[in-house]
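See structure below.
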Amino acid sequence: MLIPVILSGGSGTRLWPLSRELYPKQLLPLAGELTMLQETVRRLDGIDGPGEPLPLAPPLVICNEEHRFLVAEQLRRIGVEQATILLEPVGRNTAPAVTLAALSAEAEDILLVMPADHVIKDQLALQAAIRQGLAPAKAGRLVTFGIVPAAAETGYGYIKKGEAAGDAFAIEQFVEKPDAATARRYLASGEYLWNSGMFLFSARTWLARLEEQAPEMLAACRRAWAAGSRDHDFFRVGKEDFAACPADSIDYAVMEKAGEQAVVIPLAAGWSDVGSWSALWEVQPHDEQGNACQGDVMLYQSANSYFYAQERLLVGIGVENLVVVETADTVLVAHKDRVQEVKQIVGELKARN
Ligand code: GDD
Ligand code: MG
């Protein structure tokens with residue numbers, strides 16, 4: 001079985017004030033009618049045919065327990081009745097989340113790990129890449145999907161592509177979140193791809209690699225799984241055991257050290273990690289002056305800006321390169337080049353409260 005494993009546990013702080021802990025970005029309709037979680041599930045529609053049949057399991061969503069009703073309701077609204085929803089009492093980053101998914105599956109099941117907060121424009125290209133990844137995943141490889149980099153971003157993993165092996169390529173080096181100088185060097189070399197954050201591997205392979213690289217994490221996840229209990233449609237893992245689990249990401253815990261056990265499939269599918277307001281501006285439709293607007297917005301002689309009005313009318317006159325986000329209790333006004341700093345502001349606000 002191919003199991004879509006949807007990681008929906010992040011808080012998306014850089015999209016504050018819209019994205020909040022109680023309502024993080026993956027549960028918001030940021031890039032269309034559907035929420036990002038719903039878009040992620042929909043992205044696989046049709047992958048089980050035509051062509052070689054592909055037994056597809058209902059999605060497995062892993063999220064914080066605070067979001068359980070929102071997640072269940074959003075899935076129900078798009079007609080997904082049989083999803084499994086695994087609840088984390090606390091976030092321990094992505095490696096423990098995927099480990100819970102692997103523990104819930106059969107050893108030979110193939111897990112398709114998908115973050116719930118990406119935009120992918122070309123669904124068919126994504127599905128083709130996933131199909132290409134099935135053979136190496138069944139053969140025990142950790143399959144990544146690599147994007148041709150567009151800038152020297154420091155928030156991504158970088159993959160140095162090696163020799164071709166079928167549809168996939170060996171990975172010569174995997175570097176998670178390099179510093180700015182290194183990212184610029186990687187970009188200039190033309191030899192690196194961005195790690196898309198999606199993965200394909202069997203449950204058996206993941207658990208075996210984790211046993212080698214982070215045995216304490218595996219042991220803690222096994223304990224949390226064994227202490228878990230069903231609650232209606234949800235499965236809640238043991239709170240104390242999971243809280244005691246070391247926190248780490250898939251990339252640092254396993255991928256950076258995976259060596260020959262990992263491969264990369266190039267992906268050209270209009271992928272974007274909408275991690276900031278400027279990234280969201282990029283994927284939205286623009287008017288002739290390069291503005292993207294949502295809600296009740298009027299602009300005069302303004303350019304290259306993003307305006308989001310939730311409650312009130314927003315009017316812009318003669319402004320450029322601005323991000324303005326209006327919600328019931330907050331208005332954010334930022335230069336479009338400085339939206340990464342929203343994260344620090346959220347940190348300061350948390351410390352203040
Ligand atoms: N269930 C669960 N629990 N999900 C989580 C948790 C958690 O504790 N932490 C994060 N997630 C979810 C996020 O909601 C997101 O959908 C996904 O896991 C990835 O986490 P991020 O925190 O957004 O990772 P990142 O963007 O810094 O880095 C990853 O993605 C990049 C591409 O977007 C890495 O895989 C990079 O290598 C990659 O380039
Ligand atoms: Mg991300």
Side-chain angles (χ1 to χ4, degrees), residues 4-15 19 21 23-28 30 35-37 39-41 43 59-68 71 84-102 104 111 113-120 142-160 171 173-178 183 186 192-200 217 221 224 234-237 242-243 245-256 258 262 264 267 271-276 279-280 340 343:
V5 174
I6 301 180
L7 299 174
S8 185
S11 49
T13 44
R14 280 174 300 164
L15 291 182
S19 177
E21 268 179 23
Y23 231 113
K25 65 171 172 175
Q26 62 271 23
L27 303 180
L28 294 166
L30 284 180
T35 68
M36 303 193 81
L37 170 70
E39 295 270 5
T40 308
V41 173
R43 204 161 278 155
L60 170 63
V61 180
I62 312 177
C63 65
N64 191 280
E65 71 171 9
E66 284 193 342
H67 300 140
R68 63 190 182 281
V71 166
T84 307
I85 304 177
L86 288 184
L87 305 180
E88 296 169 310
V90 286
R92 307 313 280 142
N93 211 329
T94 52
V98 165
T99 305
L100 296 176
S104 79
L111 310 181
V113 178
M114 296 194 293
D117 51 2
H118 291 171
V119 167
I120 295 177
L142 297 156
V143 179
T144 63
F145 298 92
I147 314 283
V148 175
E153 285 278 347
T154 53
Y156 296 151
Y158 283 72
I159 294 172
K160 188 172 185 191
I171 293 182
Q173 198 189 11
F174 186 111
V175 181
E176 179 66 0
K177 301 195 171 77
Y186 288 169
Y192 287 79
L193 298 170
W194 280 339
N195 173 34
S196 71
M198 291 181 285
F199 303 92
L200 194 68
M217 182 185 290
C221 287
F234 307 110
F235 187 88
R236 183 181 275 113
V237 301
F242 199 65
C245 178
D248 207 354
S249 69
I250 298 170
D251 319 277
Y252 285 122
V254 170
M255 295 311 303
E256 276 199 328
V264 60
L267 177 68
W271 173 94
S272 157
D273 168 333
V274 279
S276 67
L280 195 58
Q340 298 294 342
K343 194 173 185 153

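All figures in this text were calculated on a predicted structure; none of them were measured in a lab. Along the sequence shown, the residues carry numbers beginning at 1. In what follows, every heavy atom counts, from backbone to side chain, and hydrogens, waters and symmetry copies are set aside. For ligands, and for the atoms within them, numbers begin at 1 and follow the listed sequence.
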*Judged by atom type as modelled, is there a donor-acceptor pair below 3.5 Å linking the side chain of D273 to the main-chain atoms of G275?*
yes
*asked:* Counting only heavy atoms closer than 4.0 Å, does ligand 1 sit against the backbone of P24, its side chain, both, or neither?
replied: neither
*Based purely on interatomic distance, does F199 place a nitrogen or oxygen under 3.5 Å from a nitrogen or oxygen of ligand 1?*
no
*Return the minimal non-hydrogen interatomic distance between S8 and V61, and the atom names on each side.*
CB-CG1, 4.0 Å
*Aromatic plane relationship, Y158 with Y186 - under 30° parallel, 30 to 60° tilted, over 60° perpendicular*: tilted
*List the closest protein heavy-atom neighbour of atom 35 (O) of ligand 1: residue, atom name, distance to the nearest 0.1 Å.*
D251 OD1, 2.8 Å
*Can you tell which part of D273 has a heavy atom less than 4.0 Å from ligand 1: side chain, backbone, both or neither?*
side chain
_atom 8 (O) of ligand 1 [closest protein heavy-atom partner, distance rounded to 0.1 Å]_ = N93 N, 2.9 Å
_Heavy-atom nearest neighbour in the protein, as seen from atom 10 (C) of ligand 1, with distance rounded to 0.1 Å_ = T94 CG2, 3.7 Å
*Would you confirm whether any non-hydrogen atom of the protein falls under 4.0 Å from atom 28 (O) of ligand 1?*
yes
_Location of contacts on A116 toward ligand 1, heavy atoms closer than 4.0 Å_ = backbone
*Atom indices of ligand 1, in the order listed, that fall short of 4.0 Å to a heavy atom of D117*: 14 (O), 15 (C), 16 (O)
*Does any N or O atom in G197 lie less than 3.5 angstrom from one in ligand 1, N or O only?*
no
*Check whether any side-chain heavy atom of M198 lies under 4.5 Å from a side-chain heavy atom of I120, and answer yes or no.*
yes
_With heavy-atom distances below 4.0 Å as the criterion, list the atoms of ligand 1 near K177._
25 (P), 27 (O), 28 (O)
*Can you see which heavy atom on A97 is nearest to which on L7, and at what distance?*
CB-CD2, 3.9 Å
*Would you please determine whether M255 falls within less than 4.0 Å of ligand 1 on a heavy-atom basis?*
no
_Just to be sure I read this right, does ligand 1 sit under 4.0 Å from the backbone of W271, its side chain, both, or neither, counting only heavy atoms?_
side chain
*When only distance counts, is L7 in polar contact with ligand 1, meaning an N/O pair under 3.5 Å?*
yes
*Using heavy atoms and a threshold below 4.0 Å, how should the contact between N195 and ligand 1 be classified: side chain, backbone, both, or neither?*
both
*For atom 4 (N) of ligand 1, what's the nearest protein heavy atom and its distance?*
G9 N, 2.9 Å
*asked:* If the cut-off is 4.0 Å to any non-hydrogen atom of G91, which atoms of ligand 1 fall inside it?
replied: 8 (O)
*Considering A101, G146, P115, A95, which one's heavy-atom position lies nearest to atom 17 (C) of ligand 1?*
P115
*E176 side chain to E256 main-chain N or O, any donor-acceptor pair under 3.5 Å?*
no
*Which of the atoms in ligand 1, numbered in the order shown and given with their element, are less than 4.0 Å from a heavy-atom of I62?*
1 (N)
*Counting only heavy atoms on the protein side, is anything nearer than 4.0 Å to atom 24 (O) of ligand 1?*
no
*Measure from the side-chain N and O atoms of T94 to the backbone N and O of I250, and report whether any donor-acceptor pair falls under 3.5 Å.*
yes
_Return the closest protein heavy atom for atom 13 (C) of ligand 1 as residue, atom name and distance._
G10 N, 3.6 Å
*Tell me which one of H67, E88, E176 gets a heavy atom nearest to atom 36 (C) of ligand 1.*
E176
*For E21, does the CD atom sit with more than 12 other heavy atoms under 6.0 Å from it, leaving out its own atoms?*
no
*Below 4.0 angstrom from a heavy atom of H118, which ligand 1 atoms are there? Numbered from 1 as shown, please.*
33 (O)
